[in-house]
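The block underneath contains the structure these notes are about, expressed in structure tokens.
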Amino acid sequence: MKVKTVKKGDIILIAAAFITAAILFLCLNTFSGSRGDYVQIEVGGETAEMLPLDADTLYDIKTENGITNTLEISNGKAKMIYADCPDKICVNHKSISKNGEAIICLPNKVVVTVISDNEEIDGVAE
């Protein structure tokens with residue numbers, strides 16, 4: 001039985017692929033999407049509040065069951081800092097600031113979406 005060995009060229013090829021993937025990942029995350037202007041808070045499918053991203057604030061989100069989430073806006077980013085749902089997926093979500101990003105709390109039926117004043121239209125939509 002033949003044993004295959006990894007050669008120097010194989011290692012260089014794999015390293016180049018990883019470096020290329022890392023550069024593409026950084027470029028896409030850095031340069032994609034425009035900064036949003038507001039966060040739209042929906043509870044049960046209806047808009048409850050629109051808050052500007054440029055004003056630091058804490059906002060308690062109350063549902064019809066009295067369940068509360070707390071949204072923090074600071075430094076132009078929105079983050080769910082408290083939720084009394086069992087899974088806490090929304091609390092562990094990263095901060096959002098780019099147009100179209102959202103934090104969703106399914107058990108509490110809360111959706112927080114970043115919205116921009118000037119919507120960009122892509123080539124397909126034109």
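Scope of the values below: all heavy atoms of this structure, side chains included, with no hydrogens, waters or symmetry mates. Numbers for residues simply follow the sequence, beginning at 1.
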Contacts table for residues 16-27: side-chain donor-acceptor under 3.5 angstrom, sequence neighbours left out:
from: T20; atom 1: OG1; to: A16; atom 2: O; distance (Å): 2.8

Exercise answer: donor-acceptor pairs, residues 87-94 side-chain atoms, under 3.5 Å, sequence neighbours excluded:
from: K88; atom 1: NZ; to: A83; atom 2: O; distance (Å): 2.5
from: K88; atom 1: NZ; to: C85; atom 2: O; distance (Å): 2.9
from: N92; atom 1: ND2; to: K88; atom 2: O; distance (Å): 3.1
from: K94; atom 1: NZ; to: E101; atom 2: OE2; distance (Å): 3.0

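We find the OH-CG distance between Y38 and D54 to be 7.5 Å, quoted to the nearest 0.5 Å. Note that CG of L53 is 7.5 Å distant from CD1 of I96, once rounded to the nearest 0.5 Å. I73 contributes atom CD1, which lies 11.5 Å from atom OG of S97 (distance to the nearest 0.5 angstrom). Atom CG of L71 is separated from atom CD1 of I61 by 5.0 Å, given to the nearest 0.5 angstrom. I103 CD1 to T113 OG1: the interatomic distance, rounded to the nearest 0.5 Å, is 9.5 Å. Here CG of D10 is found 8.0 Å from OG1 of T5. Values are rounded to the nearest 0.5 Å.
Under the 4.5 Å side-chain heavy-atom criterion for ILVMFWY residues, no single connected hydrophobic cluster contains both I104 and I41. V110 and L51 fall within the same hydrophobic cluster, defined by Ile, Leu, Val, Met, Phe, Trp and Tyr side-chain heavy atoms under 4.5 Å apart, directly or through other members.
The side-chain contact (heavy atoms from CB on, under 4.5 Å) search around Q40 returns E42, T47, M50, I115, not counting sequence neighbours. By the side chain to side chain donor-acceptor pair (under 3.5 Å) test, T70 is found to be paired with D60, residues two or more places apart in sequence or in another chain being considered. T63 is linked by a side chain to side chain donor-acceptor pair (under 3.5 Å) to nothing, counting only residues two or more places apart in sequence or in another chain. Under the rule for a side-chain contact (heavy atoms from CB on, under 4.5 Å), K109 has no partner lying at least two apart in sequence or in another chain.
Shortest non-hydrogen contact noted between N99 and S116 is OD1-N, 3.2 Å. For the residue pair K62 and V43, the shortest heavy atom distance occurs at O-CG1, 4.2 Å. Counting all heavy atoms, side chain and backbone alike, S95 lies closest to K79 at OG-CD, 3.4 Å. Minimum heavy-atom separation, A78 to V39: CB-CG1, 3.8 Å.
Side-chain atoms of I81 and L58, non-hydrogen and from C-beta on, do get closer than 4.5 Å to each other.
Between the D56 side chain and the N75 main chain, a donor and an acceptor come within less than 3.5 Å of each other.
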